[in-house]
Amino acid sequence: MIVVVGGAGYVGGAVVEGLLQAEREVCVIDDFSTGHPEALKVLSADIPIYRGDMADTELIQQVAESHEVEVVMHFAALALVGESMEQPARYWEQNFIKSKHMFDAWLEHGVDQFIFSSTAATYGEPKTIPITEAHPTEPVNPYGHSKRAVEWYLEDLHETHGVQSVALRYFNAAGAGDRVGEDHTPETHLIPLILETAAGERDHLEIYGTDYETRDGTCLRDFVHVKDLFRGHLAALEKLDELGCEQLNLGTETGNTVREVIETARDVTGREISASEADRRPGDPARLVASNKKAREMLNWQPRHDLEQIIADAWRWKQNHPQGY
Ligand SMILES: NC(=O)c1ccc[n+]([C@@H]2O[C@H](COP(=O)([O-])OP(=O)(O)OC[C@H]3O[C@@H](n4cnc5c(N)ncnc54)[C@H](O)[C@@H]3O)[C@@H](O)[C@H]2O)c1
């Protein structure tokens with residue numbers, strides 16, 4: 001049994017969908033704080049769903065006693081960079097302290113294999129592009145700090161207790177699964193904001209900064225399809241025994257600027273999508289592009305979806321779910 005913690009969220013939901021399609025045995029723990037029970041309903045899956053906190057030791061005991069748990073996939077987190085600057089204590093508590101208690105509790109029940117959703121935010125301001133895993137990790141906000149701290153704890157658990165883990169550092173997760181998609185409140189991610197504008201829910205989109213050192217002056221990001229993230233998790237699951245303790249980037253090595261994303265969305269949707277230029281936001285690096293060499297070599301993983309496909313899938317989901325779930 002694979003326990004998916006945070007499986008009612010955006011990336012977790014897409015991974016649950018993929019695992020079910022791959023006929024894996026799955027259960028979900030989620031407190032539905034930002035996730036959606038409907039995400040699990042649309043999968044029409046008859047899987048055990050445990051509503052509760054990731055670090056609830058009684059709940060973990062209940063799950064451990066009800067199933068033969070092999071691996072815990074850990075997606076649950078607060079993930080808004082700006083909010084983390086205002087509420088660092090909450091981010092440390094939810095993202096690091098609860099993760100630590102959760103791993104400790106699973107270990108007490110003999111579960112010592114974890115796949116952790118980490119992030120490009122662990123690197124901070126990039127010194128070199130593409131960013132390899134050897135790049136210094138100097139996060140510039142509490143969100144990045146709290147995620148990097150979880151990776152350190154997993155490294156220590158490997159050294160001291162032989163715990164096997166892979167931290168997958170996603171770049172910009174995007175796109176949609178076959179039935180599940182992105183429904184964050186508030187929505188801060190570029191592609192859903194563009195599609196809300198395409199759908200007429202916003203009258204325009206703001207482009208933050210047009211004087212960056214990139215090919216058209218707007219920020220460059222690496223968008224990776226959630227279906228490719230799922231394939232990364234599946235590959236990590238299959239190689240977990242050999243890997244020991246690793247951190248691996250999941251990105252495409254392809255950077256697209258904000259203007260390119262808007263242009264592609266105009267082509268895909270056939271809608272106008274008006275955009276206005278605004279000042280830079282503090283803390284936004286000009287370029288964030290992953291090297292995925294390590295994931296290619298260690299997991300035999302390669303992304304299969306390009307930006308057009310990402311936007312087409314996100315648009316399809318949006319049209320089928322105009323109000324979200
Ligand atoms: N979305 C991205 O672009 C992106 C990029 C890099 C890394 N990540 C990481 O991927 C993970 C998933 O991100 P997402 O965008 O799917 O977020 P999300 O908010 O959609 O999903 C998080 C899920 O975890 C659940 N959850 C939160 N706190 C919980 C708790 N204490 N106990 C139980 N469940 C809890 C939420 O209800 C939700 O279902 C996060 O760890 C995030 O840091 C996301």
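Only heavy atoms go into these numbers, but all of them, side chains included; no hydrogens, no water, no symmetry mates. Just so you know, ligand 1 is whichever comes first in the structure, and atom 1 is the first atom listed for that ligand.
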So which of L229, T34, V28 gets nearest to atom 19 (O) of ligand 1, if we judge by its closest heavy atom?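 Result: the heavy atom closest to atom 19 (O) of ligand 1 is in T34.
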Shortest reach to atom 34 (N) of ligand 1 by a heavy atom, considering only D31, V81, N172, V5: D31
Side chain, backbone, both or neither: which part of [X] comes within less than 4.0 Å of ligand 1 when only heavy atoms are counted?
X: H184; answer: side chain
X: Q94; answer: side chain
X: H36; answer: neither
X: Y143; answer: side chain

Ligand 1 contact by [X], heavy-atom criterion under 4.0 angstrom:
X: G13; answer: no
X: S118; answer: yes
X: F116; answer: no

Ignoring angles and geometry beyond distance, decide whether I29 reaches within less than 3.5 Å of ligand 1 through its nitrogen or oxygen atoms.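 In fact, backbone or side chain, I29 has no N or O that close.
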Return a yes/no value for G9: is any of its N or O atoms, backbone included, closer than 3.5 angstrom to an N or O of ligand 1? yes
Identity and separation of the nearest protein heavy atom to atom 37 (O) of ligand 1: D30 OD1, 2.6 Å
Indicate yes or no for a side-chain donor-acceptor contact from W106 to the backbone of D112 under 3.5 Å, with no hydrogens or angles considered.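 Between the backbone of D112 and the side chain of W106 there is no qualifying donor-acceptor contact (under 3.5 Å).
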Give the atom numbers and elements of ligand 1 that come within less than 4.0 Å of a heavy atom of V11.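 With V11 as reference, the close atoms of ligand 1 come out as 16 (O).
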Do E253 and R296 meet the salt-bridge criterion of a basic N to acidic O distance under 4.0 Å?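 A salt bridge links R296 with E253.
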Report yes or no: is the cationic atom of R51 (NZ for Lys, CZ for Arg) closer than 6.0 Å to the six-membered ring centre of F32, at no more than 45° off its axis?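 No, a cation-pi geometry is absent between R51 and F32.
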Measure up the F96 and Y153 rings against each other and bin them: parallel (under 30°), tilted (30 to 60°), perpendicular (over 60°).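 Plane angle over 60°, so perpendicular.
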